[in-house]
Amino acid sequence: KLWDLVDEYLHNDTESIMRSMADHFEYTLARNKWNLAPQSLFQAAAYSLRDRMIEWWNDTQEYFYDQDSKRAYYMSIEFLMGRTLTNALISTGLLSPYYEALKEFGENLETIADLEHDAGLGSGGLGRLAACFLDSLATLNYPAWGYGIRYKYGQFKQNIVRGYQVETPDFWLESGNPWEIPRQDIVYKVGMYGSVQYVTRSDGSLAVKWEPGHCVGAVAYDTPIPGFNTKNTLSLRLWSSKPLVDMNPEELKADPWDMLRQNQADEEITSVLYPKADSDSGKELRLKQQYFFSCATLQDIIRRFKKSNRPFAEFPDKVAIQLNDTHPTVSVPELMRILVDEESLPWDQAWAITTKTFGFTNHTVLPEALEKWSVPMFAHLLPRHMQIVFEINHRFLEEVKVKFDCSPEVISRLSIIEESNPQQIRMANLAIVGSHTVNGVARIHSEILQQSVFADWHRLWPGKIINITNGVTPRRWLYCCNPTLSSAVTKQLGGNAWVTDLSLLKDLRSHITQEFLRDVREANKVAKERLRKYVSKLTNGAVDLDTSSLFDTQVKRIHEYKRQLMNILGVIHRYQCLKALTPTERSQQVKRTHIFAGKAAASYQQAKAVIKLINTVADVVNSDPQTKDFLTVVFLPNYSVSLAELIVPATDLSEHISTAGTEASGTSNMKFAMNAGLIIGTLDGANVEIVEACGQENHFIFGATAPEVDKLRAERQSVAIDQRLYNVLISIERGDFGASSNYRWLIDPLWQGNDYYCVAHDFPLYLEAQQCVDADWRTPDVWAHKTVLTMFGMGTFSSDHSIHQYARNIWNIKPARMPTEH
Ligand SMILES: CCc1ccc([C@H](C)CC(=O)N[C@@H]2O[C@H](CO)[C@@H](O)[C@H](O)[C@H]2O)cc1
């Protein structure tokens, strides 16, 4: 009887949805007409939509089970999901009934959607890429799971106080998370510390047994990931740590305060996302987080595999695990520990299974971001894993010595263990040895991995290091965030098949109609007006953006290699030029609005100084009566996924000006170009492929190339700096933008003209590129053509395209679309 009822499907007409929302309002939230809060209407809408996703979710898992599909598991320490409501309504095709239902309740969907707190479980590109990949995996009907950590506190909230970044905790769960399902029934034990025992098996053979010194519990929280235009709904399983009182009896005897402290320590493991992006923290808690979610995830994957009663030899035929950078790499020795110590497989068989199961993606070449764990710390927390890593390294180096005549230098570079004091574990080396395929995230990046960062490995195993260029989901980053432009495309293409097949955009090339150009311009205007309102509200009307001006945007993590410094120095130069003109000359200048946003790692002083400089320049320029109608600068605080959804459609020109050879790929460049924005940038990361696909003539490319940067860095001879840079630095030195002491470590390296990130070298080239921008902006037709030609070239930068390559070239999985009547 229960199943008959369970098998009944919910109805999706407006009436039924109103009923379901009212039920959740009263029965799930226990609210009534005396305490109606918009937040609770949002939650009621979310819960009722979740109900509908749960139906397809269960069906999907059952279908994959029936199909006995090979599954891909995407392990990432970050998932930057943003908001879910609007995206889920569009993917499930339930936008209009919910729109109507809320209207019936006297509410507006957009207002309600704005109440949702971003799920900010990531610090930047790596985390957002993981989120885009989940959307594509679901939409393309691949059998896959996302695995990560359910941080109690997401990426810190950025406040700007007197121009300075001030971090405050992001307690994103304060009003609950309606999308997640706590799986109190799925709890795994995760051990740590302790020692390794040697026990004789019944057959007299020696077995190694790890006796953890302490255990914590890992509880699963599942979030449905709906595909677009398919019922397939995948799972994002995030682990939360909890004390396992019953598991540590002796601790029970301790005084309750001790136990309480221990419990807190256990909960603390998943409490906060590490704020550092692009620099290795080396902190034990970070290693604990990495092992915690790797251990829980592998136990869960193996439990699912064992349901099929297959021998472990077939594990790689049914399981593909992707390591999203080195953060989950401890999974390699963990799988070996389980196969050898618990499943008693011989080492070689276990190793064959392990290396056939894992794939590894590298996302950065910055030396400071390549993780290394000190052997003493690693051995203390994970004594058995340390043994296994030593064994892996020993056998690997033996194999290398036999098969390849490598010099001792090469051997020591290949070694997973760095013979420093203390010794260090090179997690990238362990990930490469433990995986069957390694990939970079853009062509130039993968070439740099093959030619330099991992050159020894490329020589050792040609073909192991491949490229899969990043992508972004066109659902969130075009169809959802820019409905006006989307409907123009749908109208032009006669349908929205492009939403799941972005390569169709290229068909627009053949007939660029005036009507379409008008629609694209209209979409830009609508988006600019929306952003103007947001900024005006944010600044209580103090900053009122001129929507007829050119919106020039740089939004991404603040980092020296991304060169926000060069951008703001360019703005100071523009300001100085405007000041030097007569009012009539000034009136002929292109009106510009420079938009900045991005967080700096809390301990990264140089990046924080850049934020201060940008805010101080904004104060000076925006309040200068001579220039304020021609130049506006804004730093929008607390950059996030939902703020990006507001800025991207409103941008005319986006800046991706990293020192060539430093930005692995970049993904915001793809979002802007997909929304008909033009790019000013260097030949770095995915910029290279974007301008190739869209025509370099349609963008503003400048600066030293990666090989030229290497040459400049090798020479490092000081050169006379450009006069325009000189004038800018002088104005900073004399305090035009506050005490120059604030910016000492930013500008000192520039005076010598040979700063590490080549700002002094590229600055004049950057200014020339910006002049070309102005020239094109003065001819709206030229600009408009470049915007649509850019858009038409973005077909291959959909995360669907990337995921198809992972599925074909690394995971060997096939789509399994659930039949609609299922
Ligand atoms: C150890 C601390 C740490 C944390 C995060 C990271 C990430 C790899 C940094 C990151 O987000 N990298 C970005 O990944 C994007 C997705 O592939 C790329 O598009 C960006 O170019 C790259 O900077 C490195 C080191």
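Remember, it's 1-based here, ligands and their atoms both numbered in the order they're listed. We use all heavy atoms of the structure for the numbers below, so side chains are in, but hydrogens, waters and symmetry mates are not.
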Listing request: all salt bridge (charged side-chain N to carboxylate O under 4.0 Å, His left out) pairs with a residue in residues 598-612, at least two apart in sequence or in separate chains.
Glu167-Lys608
[X] versus ligand 1: do any nitrogen or oxygen atoms come within less than 3.5 Å of each other?
X: Asn470; result: yes
X: Val441; result: no
X: Tyr561; result: yes
X: Ser665; result: yes
X: Gly666; result: yes

Just do the side chain to side chain contact (heavy atoms under 4.5 Å, CB included) check on Ile425 and Ile416 with the steps written out, would you?
CA-CA 6 Å; Ile425 305 170; Ile416 296 168; 3.9 Å; yes
With sequence neighbours excluded, residues passing salt bridge (Lys or Arg N to Asp or Glu O under 4.0 Å) with Glu655:
none
Work out whether the distance between some heavy atom of Gly685 and some atom of ligand 1 is less than 4.0 Å.
no
Sub-4.0 Å heavy-atom contact, His327 with ligand 1:
yes
Check whether any side-chain N or O of Ser235 sits under 3.5 Å from a backbone N or O of Arg237 as a donor-acceptor pair, and report yes or no.
no
Side-chain (Arg563) to main-chain (Tyr757) donor-acceptor, under 3.5 angstrom:
yes
Pull out every atom of ligand 1 sitting under 4.0 Å from any heavy atom of Asp325, numbered as shown with elements.
8 (C)
Hey, which atoms in ligand 1 end up nearer than 4.0 Å to a heavy atom of Ala664?
21 (O)
Check this for me, if you would: do Arg475 and Asp135 make a salt bridge, where the nitrogen-to-carboxylate-oxygen distance has to be below 4.0 angstrom?
yes
Given Met670, Glu663, His363, His445, which has its nearest heavy atom closest to atom 17 (O) of ligand 1?
His363
Val438 vs Ile466 side-chain heavy atoms within contact, under 4.5 Å
no
